[in-house]
Amino acid sequence: MHASINCDSILYIIFMWAFSLKILLCDPMSYKTITYEERDKVGILCLNRPRKRNALSRGLLEEFTSCIKDAGRRGSVRVIIIRGEGEHFCAGHDLVEILEEDQVGIRGLFEACIRLMNLLQQIPQPVIAQVRGVATAAGCQLVAASDLAVAEEGALFATPGVKIGLFCSTPMVPLSRAVGRKRALEMLFTGRFVSAREALDFGLINRLVPLEKLEEETWKLARDIARYSLATLGLGKRGFYRQWDMAEGQAYEFAKELIAANALMEDAKEGISAFLEKRKPRWKDGE
């Protein structure tokens with residue numbers, strides 16, 4: 001039974017990895033609510049609504065999703081950094097939009113947000129949240145849904161929906177998986193701000209740095225990862241999330257099949273050969 005599940009899972013991983021790396025020709029898009037650039041195999045996506053604390057409007061969600069999907073498909077970068085313009089990372093959804101929508105519209109708004117959060121884990125590139133200032137509600141969700149996070153010492157995290165009668169149900173999903181039941185429920189029930197130090201202890205972020213070192217340390221982490229093969233990173237990332245909810249025995253069976261398939265890939269053969277020959281590997285997707 002496990003063998004059948006594992007074979008299907010491996011085929012799915014390889015198919016999705018290949019699909020994600022497929023290069024699609026497209027016209028450059030002019031964004032209104034985000035900015036995007038690529039340097040040194042790193043993509044930098046910046047939420048660009050500083051006057052609204054980079055709130056996730058419907059338009060921003062659409063542009064964010066389109067940009068991330070395109071970056072994932074083209075495979076021109078190996079890591080993506082997400083940051084906010086101005087003094088804050090992201091204050092969550094735009095409450096004016098929620099107040100003005102009917103049930104169908106509100107459901108559509110949250111469906112768009114869920115699609116984006118899922119996409120962050122589906123693309124091959126590791127995603128790093130670079131957090132300055134506040135990350136609240138869906139902004140905290142964005143941090144939790146990212147693969148990694150670096151925050152400055154003054155950053156604050158919260159799921160404060162309970163304070164306005166709107167429980168943070170969708171942020172609850174990645175938050176609870178990142179920090180565990182007790183800590184997630186405390187954040188959700190109280191709505192209190194969690195300091196960057198607490199967030200590090202909770203496991204919500206990976207690194208805590210002074211504000212003046214935030215960009216430098218985020219880039220250091222991104223460059224450490226961007227040295228490696230995108231094919232390997234993508235396969236490993238997809239494999240990680242596939243095994244996450246498996247029982248340990250099933251996860252080992254799955255991982256066994258995954259690493260066996262991985263070992264036959266071109267970049268694995270190149271990497272092993274380079275290690276044995278004491279030289280720098282030449283990855284399929286370039287230097």
Side-chain angles (χ1 to χ4, degrees), residues 29-37 43-71 80-121 123 127-146 149 151-152 154-176 178 184 187-194 199 204-205:
M29 179 177 288
S30 177
Y31 297 113
K32 296 180 180 178
T33 59
I34 66 170
T35 63
Y36 180 74
E37 61 176 310
I44 309 99
L45 189 151
C46 181
L47 310 180
N48 194 26
R49 298 185 74 206
R51 292 184 180 179
K52 294 286 187 177
R53 293 190 171 188
N54 298 313
L56 302 178
S57 65
R58 185 183 294 272
L60 189 150
L61 287 170
E62 290 174 355
E63 291 191 344
F64 195 158
T65 300
S66 175
C67 181
I68 288 290
K69 186 180 294 184
D70 183 58
I80 295 175
I81 295 171
I82 298 171
R83 57 181 295 272
E85 183 64 32
E87 297 182 357
H88 298 288
F89 179 69
C90 176
H93 285 287
D94 191 323
L95 294 178
V96 174
E97 287 189 348
I98 293 175
L99 197 60
E100 293 177 347
E101 289 279 10
D102 58 15
Q103 185 175 8
V104 174
I106 291 173
R107 184 183 293 113
L109 180 65
F110 286 103
E111 285 174 348
C113 185
I114 291 168
R115 280 195 298 273
L116 171 61
M117 300 299 166
N118 285 332
L119 185 61
L120 294 177
Q121 295 182 356
I123 61 171
V127 176
I128 305 173
Q130 177 182 310
V131 187
R132 177 182 181 181
V134 300
T136 55
C140 187
Q141 179 183 3
L142 182 55
V143 177
S146 297
E152 53 98 359
L156 294 169
F157 304 82
T159 47
V162 67
K163 295 182 178 181
I164 59 171
L166 185 67
F167 199 81
C168 286
S169 301
T170 44
M172 167 180 72
V173 176
L175 178 67
S176 60
M187 291 179 68
L188 292 160
F189 287 157
T190 67
R192 75 174 181 88
F193 278 108
V194 168
L204 182 57
I205 63 174

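In this structure, SG in C46 is found 10.0 Å from CZ in F89, a value given to the nearest 0.5 Å. Expressed to the nearest 0.5 Å, how far OG1 of T35 lies from CG of L45 amounts to 7.0 Å. Remark: E85 CD to R132 CZ distance equals 9.5 Å, nearest 0.5 Å. From T65, atom OG1 reaches atom CG of L116 across 4.0 Å, with rounding to the nearest 0.5 Å. Between atom CG of residue L60 and atom NZ of residue K32 there is a gap of 13.0 Å, rounded to the nearest 0.5 Å. Put simply, OG1 on T170 and CG on L175 are 11.0 Å apart, with the number rounded to the nearest 0.5 Å.
Of the possible polar contacts, none joining the H88 side chain to the G133 backbone as a donor-acceptor pair under 3.5 Å is found. Formation of a donor-acceptor pair under 3.5 Å by the S146 side chain with backbone atoms of L142 is found in this model.
Partners of E101 under the salt bridge (Lys or Arg N to Asp or Glu O under 4.0 Å) rule, at least two apart in sequence or in another chain, are R58. Under the rule for a salt bridge (Lys or Arg N to Asp or Glu O under 4.0 Å), R107 has no partner lying at least two apart in sequence or in another chain. Listed by chain and residue number, E63 satisfy the side chain to side chain donor-acceptor pair (under 3.5 Å) test with T33 (two or more places apart in sequence, or in another chain). In this structure R49 satisfies the salt bridge (Lys or Arg N to Asp or Glu O under 4.0 Å) test together with D94, sequence neighbours excluded. Among residues two or more places apart in sequence or in another chain, the salt bridge (Lys or Arg N to Asp or Glu O under 4.0 Å) test is passed with E37 by R39.
Considering only heavy atoms from C-beta on, V173 stays 4.5 Å or farther from I114 through its side chain. Looking only at side-chain heavy atoms (C-beta outward), C113 and Q141 come within less than 4.5 Å of each other. In this structure the side chain of C140 reaches within 4.5 angstrom of the side chain of L204, judged on heavy atoms. You'll find the side chain of C67 reaches within 4.5 Å of the side chain of I34, heavy atoms only. Contact of the Q130 side chain with the I128 side chain is not registered, since no non-hydrogen atoms from C-beta on lie closer than 4.5 Å. The shortest distance between side-chain heavy atoms of I98 and L95 falls below 4.5 Å.
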L120 and I82: CA distance, side-chain angles, deciding distance, side chain to side chain contact (heavy atoms under 4.5 Å, CB included) verdict: CA-CA 11 Å; L120 294 177; I82 298 171; 4.0 Å; yes

What's the verdict on side chain to side chain contact (heavy atoms under 4.5 Å, CB included) for F64 and L119, showing C-alpha distance, side-chain angles and the deciding distance? CA-CA 10 Å; F64 195 158; L119 185 61; over 6 Å; no

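Between H93 and F110, the ring planes lie perpendicular to each other; the angle is over 60°, past the 30° to 60° tilted range.
Taking every heavy atom of both residues into account, A144 and A178 meet most closely at CB-CB, 4.3 Å. Closest of all the heavy-atom pairs between A138 and P171 is N-CG, 4.0 Å. The heavy-atom pair separating Y36 from A71 by the smallest distance is OH-CB, 3.6 Å. Shortest non-hydrogen contact noted between L188 and C168 is CD2-O, 3.5 Å.
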Could you list the donor-acceptor pairs under 3.5 angstrom formed by side chains in residues 156-165, with sequence neighbours left out?
unit_1: T159; atom_1: OG1; unit_2: M187; atom_2: O; d: 3.2
unit_1: K163; atom_1: NZ; unit_2: G191; atom_2: O; d: 3.4

